[in-house]
Amino acid sequence: MTASLRNVITRHNPITLLDSSCSPVTLAHVHQIHAQLLVHGRLNHPLLFVQFLAAVALLSPGNTAPSSPQHRDRQLLLLYSQRLLDYSPHPPTTFALNSLIRAHSRGPDPASAFRFYRRLLCSPDALSPDRFTFTFLVGACGGGGPSSSAAAGAIAHAAALRRGFVSDPHVHSSLIRMYAQFGLLDAARRVYDELPDPDLVSRTAMLGALAAAGDIVLARELFDSMPRRDTIAWNAMIAGYSQVGRSREALELFSSMQSEGVRVSAATLVSVLTACAHLGALDQGRWVHAYVQRNRLRVTVTLGTALVDMYSKCGDVGRGMDVFRRMEEKNVYAWSTAMSGLAMHGAGRECLDLFELMKERGVLPTGVTFVSVLRGCSVAGLVEEGRRHFDSMRDQYGIDPWHEHYGCMVDMYGRAGRLDDAVRFIDSMPIEPHAGAWGALLNACRIYRNVEMGEYAMKKMVETESKNHGAYVLLSNIYAESRNWGGVNDVRESMKAKGVRKEPGCSVIEVGGEVHEFFVGDNSHPRYGEIEVMLREMSRRLRSAGYAAKTNAVMFDIEEEEEEDALRRHGAEVGDRLRADCLGRGREH
DNA sequence: GTAGGGTTAG
């Protein structure tokens, strides 16, 4: 039960039917409380009446599946508070309407917050909006829900401007965040520049806006220029680095944060875990997990999800599932993350079992969930089941498949060797196939050595995305596997002619908490000499154990004699195996 | 009596 509602009951009414541990509060509870308050005549006090109204309105937020009983209850609670307002024995106040605007800003239809704003303006009691009104109203426009819109946000902004509230610190920072949510960086900046000396919160909001727009350099400049930085400001900067994939900088900043003695929060750790997941930095990720346990931090859904993701992406899916099982609350993010981890590690059946469990628990899948479901089917070779799930997306959940889902389906048919079905599937697509769909087909052609269809897929892929080097590399590998060196050469020539460049491959490994990055042919590491000696030794032992490097298909754009050498240092396929076989040993799994 | 900035899945 929320503190505010408890206060209403206990402070003013000694007879309470409710014990403080009974949460969540349902409509039935509210009826009981309402009855008690009425019986004791408490609602005759305007102040208590409006406090009750506000408490009921604010019980409603939360993202629950539309089909769940909690969701219906929450909707009804919102309606209940409106009825309280409609049938109130007291004239409405700005406070009461603010509460409803606020409640709607967190609900499923934030735009309806405007209904109460209008009611405020048109009220016969000459009410006027205050700084709270605009903070809630602007907040209702962002959020990214189905009814949030930048146009509504601009209207709220204009109204706040007309009434002189944009320099209120709360309104100011809400405006910056709202515009940033719509990707309107310039609008956010204009608001920001309006104040000569924005406070810490507005600065942090602007920092976040810059980072979200990808301007991490400016974000860092703002961060460095801040006269004061609290935990949230640090979090915003670390999250910014994590989100744009500058994971090492995220970890570096986290380390400075600690040496400066700034308090670390759960949100900090979530961003740090994202960075660890990106880098495959298992040791650092484990350190974060230990930190959580040592400090007895509550494993919230967000933190738990980040841990599951980190363990899965760093190769320890078992530990990830341990964390997942222990999580108290599991939302669709948590389930999708766990499913993605299982699919990633080839545990397709387990991924699908988890999907069934998730539905049983009343959690509604999203498009992202279905990406994991289809991957699970793909890796487990469950073509028919995959097809059923794919069809259920639209039929049962009203989700129109995205490019990713079509790509997964092609991959599924392709991996199963059903190349003709894959092509038929592409032909039947209601949207224009993207490079990824052709890429999946091309990859299947490589697996099943179908040169002719591979050439066709390559042609289509290049038509869709002329600079996609992946297409060239895949086709070149097909030629290489069939020992068609002329074909390999042709691909190389045509890449040169079209100015397509293959990005140098890059491997990342973490040793003793430090992340090391290696590009193809890169010998700039300070301990390169030692590494080289070790690689030779590993190569020798692998050979004596009967392992033959698969050089024919992997190589691209490298001279034959360099091949095996380069493979040991790098290589998408073989490099990973080397790493898993040799360096990964000794780690606890 | 109400409020703002940072955190999770492809």
Side-chain angles (χ1 to χ4, degrees), chain A residues 4 7-8 11 46-55 57-58 93-103 105 130-139 142 165 168-178 180 192 198-209 211-212 226 229-240 242-243 265-274 277 300-310 312-313 327 329-341 343-344 365-375 402-405 407-408 436:
Chain A
S4 53
N7 283 343
V8 171
R11 218 165 354 112
L47 189 73
L48 186 51
F49 183 88
V50 76
Q51 276 181 333
F52 178 59
L53 184 153
L58 292 172
T93 58
T94 301
F95 176 81
L97 286 156
N98 281 353
S99 304
L100 283 164
I101 293 172
R102 183 176 162 212
S105 77
D130 58 11
R131 57 194 201 283
F132 294 98
T133 314
F134 288 108
T135 307
F136 301 142
L137 198 62
V138 171
F165 286 111
D168 175 83
H170 292 87
V171 178
H172 189 244
S173 52
S174 307
L175 282 167
I176 294 168
R177 186 174 132 83
M178 182 272 293
Y192 183 75
D199 71 2
L200 173 64
V201 178
S202 284
R203 284 174 202 263
T204 308
M206 192 63 228
L207 191 170
M226 283 167 76
R229 291 184 278 260
D230 64 359
T231 295
I232 298 183
W234 281 85
N235 289 354
M237 195 64 236
I238 293 173
S242 271
Q243 285 156 4
S265 72
T268 322
L269 299 178
V270 170
S271 296
V272 170
L273 286 168
T274 306
T300 57
V301 224
T302 317
L303 184 54
T305 304
L307 280 167
V308 173
D309 194 45
M310 179 280 294
S312 306
K313 290 190 176 145
M327 283 170 64
E329 188 194 341
K330 296 183 177 83
N331 61 12
V332 67
Y333 280 78
W335 289 98
S336 306
T337 304
M339 288 168 56
S340 155
M344 204 182 292
T366 66
V368 178
T369 319
F370 275 103
V371 173
S372 297
V373 171
L374 298 179
R375 291 240 165 93
W402 312 332
H403 283 297
E404 284 90 336
H405 301 116
C408 286

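By convention in this document, chain letters (A, B, ...) are assigned in the order of the sequence lines, proteins followed by strands, and residues within each chain are numbered from 1.
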From the list [options], which nucleotide is the closest neighbour of the side chain of [X]?
X: A:Ser202; options: B:dA9, B:dG4, B:dT2; answer: B:dG4
X: A:Arg102; options: B:dA3, B:dG6, B:dA9; answer: B:dA3
X: A:Asn331; options: B:dT8, B:dT2, B:dG6; answer: B:dT8
X: A:Phe95; options: B:dT7, B:dA9, B:dT2; answer: B:dT2
X: A:Ser271; options: B:dG10, B:dG5, B:dT7; answer: B:dT7
X: A:Thr135; options: B:dA3, B:dG1, B:dG10; answer: B:dA3
X: A:Asp168; options: B:dG6, B:dA3, B:dG5; answer: B:dA3
X: A:Gln51; options: B:dT2, B:dT7, B:dG1; answer: B:dG1
X: A:Leu47; options: B:dA3, B:dT7, B:dG1; answer: B:dG1
X: A:Trp402; options: B:dA3, B:dG10, B:dG6; answer: B:dG10

Decide yes or no, distance alone: a donor-acceptor N/O pair under 3.5 angstrom between the base of [N] and the side-chain of [X].
X: A:Ser174; N: B:dG4; answer: no
X: A:Thr302; N: B:dT7; answer: no
X: A:Ser173; N: B:dG5; answer: no
X: A:Thr369; N: B:dA9; answer: no
X: A:Asp199; N: B:dG4; answer: yes
X: A:Thr268; N: B:dG6; answer: no
X: A:Arg131; N: B:dA3; answer: yes
X: A:Thr337; N: B:dA9; answer: no

Quiz item: Between the side chain of A:Ser242 and the main-chain N/O of A:Ser271, is any donor-acceptor distance below 3.5 Å?
Solution: yes
Quiz item: Is A:His170 reaching over with its side chain to a backbone N or O of A:Arg131, donor-acceptor style, under 3.5 angstrom?
Solution: no
Quiz item: Do the side-chain N and O atoms of A:Asp309 and A:Ser312 include a donor-acceptor pair separated by under 3.5 angstrom?
Solution: no
Quiz item: Do A:Thr305 and A:Thr302 get their side chains close enough for a donor-acceptor pair, meaning under 3.5 Å?
Solution: no
Quiz prompt | Minimum-distance pair of heavy atoms, taken over all atoms of A:Ala54 and A:Ser99 | solution = CB-OG, 3.3 Å
Exercise. Output yes if the stacking criterion (under 5.5 Å between centres, under 30° between planes) is met for A:His170 over the base of B:dA3, else no.
Key: yes
Quiz prompt | Whole angstrom value for the distance that separates C1' of B:dG5 from CD1 of A:Ile176 | solution = 9 Å
Quiz item: Can you tell me how far C1' of B:dG5 sits from CG of A:Asn235, to the nearest Å?
Solution: 10 Å
